[in-house]
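Following: one structure in structure tokens, then a few remarks.
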Protein chains: 2
Amino acid sequence: MKKISPNTINRVLLYLRVLEDLIKDKRYLVSSGDISRFTGVSDVQIRKDISSFGKVGTPRIGYRTIELKKVLKDFILQCDVVRIVLFGVGNLGKAILKYPGFNKDRIKVVAAFDRLGSRINKKINSVIVYPVERAPEVIKRLRADIGIIAVPKKSAQGVADIMVLSGLRGIVNFSPCPINVPKSVMVKDIDLTIEFLSLCCSIKA
Amino acid sequence: MKKISPNTINRVLLYLRVLEDLIKDKRYLVSSGDISRFTGVSDVQIRKDISSFGKVGTPRIGYRTIELKKVLKDFILQCDVVRIVLFGVGNLGKAILKYPGFNKDRIKVVAAFDRLGSRINKKINSVIVYPVERAPEVIKRLRADIGIIAVPKKSAQGVADIMVLSGLRGIVNFSPCPINVPKSVMVKDIDLTIEFLSLCCSIKA
DNA sequence: AAGTAATCGTTCTAAATTTCACGATTGAAA
DNA sequence: TTTCAATCGTGAAATTTAGAACGATTACTT
Ligand SMILES: NC(=O)c1ccc[n+]([C@@H]2O[C@H](COP(=O)([O-])OP(=O)(O)OC[C@H]3O[C@@H](n4cnc5c(N)ncnc54)[C@H](O)[C@@H]3O)[C@@H](O)[C@H]2O)c1
Ligand SMILES: NC(=O)c1ccc[n+]([C@@H]2O[C@H](COP(=O)([O-])OP(=O)(O)OC[C@H]3O[C@@H](n4cnc5c(N)ncnc54)[C@H](O)[C@@H]3O)[C@@H](O)[C@H]2O)c1
């Protein structure tokens, strides 16, 4: 089996979302052309992505939604549920805690941490906010996989260090500065400022 | 002059941020190796990116921070200020409205829109929330460039249509579904669910 | 039963991006 | 003044990614 590129993973996750919607609508067949219309990805690209997981389609017919969903899911989502912890219950952190859509995709925020006394021991959307000091203990107990950095940038590296110590293996970093972690820990930077500016540049060009 | 790829634009925006910090710290010289350490981008990549804007470095010395900043900025950020409008003043929308960091980067949210009566005519962080019906008029008057979709997915396409009609040329779409717009309008999808799941996949692999 | 149209899957081609290697340039030191 | 080390800039190679073409397969139609 060949390695799957991050781009492919992202696209496959899109396909999975479409498939779940289709299955909910009781549609049992779908073609690469259909998925293309739903996702904007070209049909060739879709067939190519899917074919890296084996032959699951039938010519003239397309793909069986339930089967395809199962195949894709088995390959890229070994885990049933993604357990996430959140650092920083500010504006952005609260938005994430209050978002109901994550549950549907089996993303579960299992705990939150903040430094500020007034935020601690509150429950937001049934997630408890702990003091940062308790992070290593709580994270291990709840067996979280991924951490979100939603603290101001001057606290970002410190929080990242705690995350690494606590055994998290992936970090989503919303703070506008790069963080240093061992390379066994995957980092995904989401820098909204850069996204906005970048779009602006593409427009003017 | 050759065309600048989106990847390059994103990296250059990173360099610009580093440069601003350095200048604030009164550092007048910086090498590609330094920038590499600050950003994680390889030094060769940095030199190559910069060289597409001309020769601005001096061998043995590096780059003059102030000069480099000016050169990069002139090339990719023609506009002084990016004017943004926000659709959907819910959890995510409020977080964006309350974020003070955008001003520093000359990103200015000039107006917000919502459907819900209880949100309308409030001011959040001195940004007025208008009813969606007034969007075309307000957007034209304030000469906004970019719109943010932070409404539930079933409203996303409708909001996108209004944005196009109002003359926006770029859209940042936080809703978990693709939107259809004329191809003269640039769309940047930011799908947090996919980002989290994607990170999860990379970890397990 | 044969023809046909739709769709998959694969191979080859092309384009974009990154990495590598190395020459060129400069200021400082011996 | 000569040497040297640091750094830039660039052309070529390698890698990755997307795209196009096309044969293979299947079910429907007549
Ligand atoms: N809100 C946005 O739209 C937005 C946009 C772009 C970037 N960001 C970035 O996202 C991050 C969060 O933004 P925000 O608007 O939610 O900030 P915020 O100031 O509203 O919230 C930050 C929270 O982190 C907590 N905190 C600070 N230091 C901590 C520490 N060491 N450990 C644990 N908690 C700590 C604070 O008590 C606070 O609750 C920031 O880095 C910001 O730059 C936010
Ligand atoms: N909050 C998160 O962390 C998060 C995570 C992933 C994705 N998203 C996506 O981001 C979007 C916004 O999320 P949220 O949590 O802020 O949602 P929300 O429900 O809190 O807010 C949505 C807002 O949009 C307004 N709205 C609805 N229809 C509208 C219309 N036609 N025109 C104008 N306004 C309208 C509503 O009145 C509400 O104020 C959603 O599409 C969601 O799926 C959010």
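Predicted, not measured: the structure shown is a model, and the values here were computed from it. First the proteins, then the strands, lettered A, B, ... as listed; each starts at 1.
Taking 4.0 angstrom as the limit, K55(B) places none of its side-chain polar atoms (N or O) nearer than this to OP1 or OP2 of dA24(C). For Y63(B) and dA6(D), the shortest distance from a side-chain N or O to OP1 or OP2 is not below 4.0 Å. Dashed line: the shortest gap from a side-chain N or O of R11(B) to OP1 or OP2 of dT18(C) is under 4.0 Å.
The distance from atom CZ of R64(B) to atom C1' of dT26(C) is 12 Å, rounded to the nearest whole Å. I9(A) has its CD1 atom 15 Å from the C1' atom of dT17(D), to the nearest Å. The CD-P distance, from Q45(A) to dT11(C), rounds to 17 Å in whole Å. Rounding to whole angstrom units, CG of residue D43(A) and P of dA18(D) are separated by 15 Å. When the P atom of dG9(D) is taken as reference, atom CD1 of I50(B) falls 8 Å away, rounded to whole Å. Atom P of nucleotide dT7(C) and atom CG of L68(A) are separated by 15 Å, given to the nearest angstrom. We find that CD1 of I61(B) is positioned 15 Å from C1' of dA24(C), with the value rounded to whole Å. Note: CG (D49(B)) to P (dT18(C)) measures 8 Å, nearest angstrom.
Checked by atom type and distance alone, the side chain of D105(B) never pairs as donor or acceptor with a backbone atom of I107(B) at under 3.5 Å. A distance-only check finds a donor-acceptor pair linking the side chain of T65(A) to the backbone of R27(A) [under 3.5 Å]. S36(A) places no side-chain N or O within donor-acceptor distance of the main-chain N or O of G40(A), the cut-off being under 3.5 Å. The closest donor-acceptor contact from the side chain of Q157(A) to the backbone of N180(A) lies under 3.5 Å.
Residue-level contact check: S5(A) touches the backbone only, with heavy atoms under 4.0 Å from sugar-phosphate atoms and none from bases. In this structure, N7(B) reaches the sugar-phosphate backbone alone: every heavy-atom distance under 4.0 Å involves primed, P, OP1 or OP2 atoms, never a base. If you check every strand for non-hydrogen atoms under 4.0 Å, V41(B) touches nothing.
Relative orientation of the F196(A) and F102(B) rings is tilted, given thresholds of 30° and 60° on the angle between their planes.
Between I66(A) and the options L29(A), I23(A), L19(A), a side-chain contact (heavy atoms from CB on, under 4.5 Å) holds for only I23(A). Between F53(B) and the options F75(B), Y15(B), Y63(B), a ring-ring contact (aromatic ring centres under 6.0 Å, His included) holds for only F75(B).
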Can R119(A) and K94(A) be said to form a side-chain contact (heavy atoms from CB on, under 4.5 Å), step by step?
CA-CA 11 Å; R119(A) 301 217 147 107; K94(A) 276 182 198 149; 3.6 Å; yes

Starting from the C-alpha separation in whole Å, work towards a yes-or-no answer on salt bridge (charged side-chain N to carboxylate O under 4.0 Å, His left out) for D21(A) and R17(A).
CA-CA 6 Å; D21(A) 288 347; R17(A) 179 182 284 160; over 6 Å; no

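Using a 4.0 Å cut-off on heavy atoms, none of the residues of residues 14-33 of chain A approach DNA chain D.
When each of dC8(D), dT18(C), dG9(C) is scored by its nearest atom to the side-chain atoms of S51(A), the top-ranked nucleotide is dG9(C).
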Measure all distances between protein nitrogen or oxygen atoms and nitrogen or oxygen atoms of nucleotides 20-25 of chain D, and list the pairs falling under 3.5 Å.
none

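Residue K108(B) qualifies as open at atom NZ: its count of foreign heavy atoms under 6.0 Å is 12 or below.
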